[in-house]
Amino acid sequence: MNRVVEIGEVELLDLCQRGEDDYFDRKSARLKPKDIQEPAIAFANAEGGTLVVGIEDIGKVPVPLDRWAGKASIEEFNPFISTLSSLNPGIDFNHRFLYREGSLARTYVLELEVRKSLKVHETTGGDVVIRKGAQNLKLSASKVQDLMRAKGMVSEEDTYLNDVRP
């Protein structure tokens with residue numbers, strides 16, 4: 001798979017205009033590398049999704065093509081990839097770098113494809129988040145247990161019933 005990909009205007013406009021949802025999120029390249037943990041973990045805990053780093057938010061930059069605000073070199077994204085690679089347990093993701101067709105000053109955007117995980121992941125701060133709509137929701141302890149059951153990590157058969165006699 002080619003990791004550095006030139007994209008045309010149609011794909012560029014799609015990335016800059018697409019609505020954020022259960023399976024797609026975009027982040028500014030100005031954020032700190034640790035700040036992509038939460039959306040990536042939320043995708044892994046849910047059904048997976050695409051996270052694009054280097055495209056400004058629709059609410060902050062009204063002109064679609066002006067939202068493309070990547071980095072001058074792909075090496076500048078190393079801390080982002082390293083942050084996701086250092087998670088324990090790790091999440092399953094692929095990455096590639098996109099650049100605009102015919103652009104004089106080439107800038108790159110990082111595209112991360114995060115796969116659904118069979119495990120429950122948490123941020124370095126200990127929060128378990130899941131992607132719902134265009135947001136990452138922090139789960140309560142009981143909801144974390146529900147997620148663990150849904151992923152098959154625990155079963156009701158493993159639960160002791162202390163108040164029940166044989």
Side-chain angles (χ1 to χ4, degrees), residues 1-125 127-139 147 151:
M1 178 172 137
N2 194 354
R3 299 265 185 220
V4 181
V5 178
E6 180 181 39
I7 62 170
E9 190 170 329
V10 172
E11 190 174 4
L12 170 71
L13 282 171
D14 177 56
L15 289 173
C16 292
Q17 292 180 319
R18 184 187 316 173
E20 294 178 351
D21 58 21
D22 291 313
Y23 307 101
F24 180 76
D25 196 2
R26 74 174 63 79
K27 297 293 180 193
S28 170
R30 293 178 286 131
L31 79 148
K32 295 178 182 151
K34 68 178 179 69
D35 293 336
I36 66 164
Q37 280 186 4
E38 183 175 295
I41 287 171
F43 281 135
N45 284 337
E47 298 298 317
T50 302
L51 175 61
V52 180
V53 181
I55 299 178
E56 297 294 327
D57 193 78
I58 291 172
K60 294 182 180 173
V61 181
V63 179
L65 292 179
D66 291 345
R67 293 182 197 135
W68 184 276
K71 294 192 176 278
S73 72
I74 61 176
E75 287 82 14
E76 292 181 64
F77 285 109
N78 285 347
F80 292 90
I81 296 166
S82 178
T83 295
L84 292 184
S85 297
S86 69
L87 290 172
N88 188 14
I91 61 173
D92 187 12
F93 72 95
N94 280 334
H95 69 279
R96 65 183 188 156
F97 304 98
L98 310 176
Y99 66 94
R100 292 169 70 167
E101 175 181 76
S103 175
L104 293 177
R106 186 178 288 183
T107 56
Y108 298 91
V109 163
L110 173 64
E111 181 184 63
L112 299 161
E113 290 289 335
V114 180
R115 289 184 196 76
K116 176 182 179 177
S117 178
L118 297 175
K119 298 178 182 176
V120 173
H121 300 272
E122 59 184 45
T123 64
T124 53
D127 294 329
V128 175
V129 290
I130 192 165
R131 186 73 178 187
K132 294 284 184 186
Q135 60 186 339
N136 305 319
L137 297 176
K138 182 179 171 185
L139 299 181
L147 182 60
K151 290 183 174 281

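Worth saying up front: this structure is predicted, and the values here are computed from it rather than measured.
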Around Leu118, counting heavy atoms of other residues, nucleotides and ligands shown, do more than 12 lie under 6.0 Å from its CG?
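Open: at most 12 neighbouring heavy atoms sit under 6.0 Å from CG of Leu118.
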Just wondering, more than 12 heavy atoms not from Lys151 lying within 6.0 Å of its NZ?
yes
Using the side-chain hydrogen bond (donor to acceptor under 3.5 Å, both in side chains) criterion, which residues pair with [X]? Sequence neighbours excluded.
| X | result |
| --- | --- |
| Thr83 | none |
| Asn45 | none |
| Asp22 | none |
| Lys34 | none |

Are the side chains of [X] and [Y] in touch, meaning some heavy atoms are under 4.5 Å apart?
| X | Y | answer |
| --- | --- | --- |
| Leu112 | Val52 | no |
| Leu98 | Tyr108 | no |
| Asp25 | Lys27 | yes |
| Arg100 | Arg106 | no |

[X] side, atom [atom1]; [Y] side, atom [atom2] - distance, nearest 0.5 Å:
| X | Y | atom1 | atom2 | value |
| --- | --- | --- | --- | --- |
| Ile74 | His95 | CD1 | NE2 | 8.0 Å |
| Ile7 | Leu15 | CD1 | CG | 5.0 Å |
| Leu110 | Ile55 | CG | CD1 | 10.5 Å |

Consider side chain to side chain contact (heavy atoms under 4.5 Å, CB included). Of Asp127, Val129, Thr124, which one does Gln37 pass it with?
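The residue from Asp127, Val129, Thr124 that satisfies side chain to side chain contact (heavy atoms under 4.5 Å, CB included) with Gln37 turns out to be Thr124.
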Might you point out which heavy atoms bring [X] and [Y] nearest each other, and give the distance in Å?
| X | Y | result |
| --- | --- | --- |
| Ala40 | Leu51 | N-CD2, 4.4 Å |
| Gln17 | Ile58 | O-CD1, 3.9 Å |
| Ala69 | Ala29 | O-CB, 3.6 Å |
| Phe80 | Leu31 | CZ-O, 3.5 Å |
| Pro39 | Asn136 | CA-ND2, 3.6 Å |

What salt bridge (Lys or Arg N to Asp or Glu O under 4.0 Å) pairs are there with at least one residue in residues 6-20, not counting sequence neighbours?
Glu11-Arg96, Asp14-Arg18, Glu20-Arg26
For [X], give me all partners under side-chain contact (heavy atoms from CB on, under 4.5 Å), at least two apart in sequence or on another chain.
| X | result |
| --- | --- |
| Pro79 | Pro33 |
| Ala44 | Ile91, Val114, Ser117, His121 |
| Leu139 | Val128, Ile130, Lys143, Val144, Leu147 |
| Arg115 | Asp92, Asn94 |

I'd like to check the ring pair (Phe, Tyr, Trp, His ring centres under 6.0 Å) partners of Phe93; sequence neighbours left out, ordered by chain and number.
none
How are the rings of Phe97 and Phe77 set relative to one another: parallel (under 30°), tilted (30 to 60°) or perpendicular (over 60°)?
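The rings of Phe97 and Phe77 sit tilted, inter-plane angle from 30° to 60°.
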Under 3.5 Å: donor-acceptor pair, side chain of Ser82, backbone of Asn78:
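No: the side chain of Ser82 does not pair with the backbone of Asn78.
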So ring-ring contact (aromatic ring centres under 6.0 Å, His included) across residues 16-58, not counting sequence neighbours, yields none
Pairs involving residues 48-71, ordered by first then second residue, that meet side-chain hydrogen bond (donor to acceptor under 3.5 Å, both in side chains) (sequence neighbours left out)
Ser28-Glu56, Arg30-Glu56, Thr50-Glu113, Trp68-Thr107
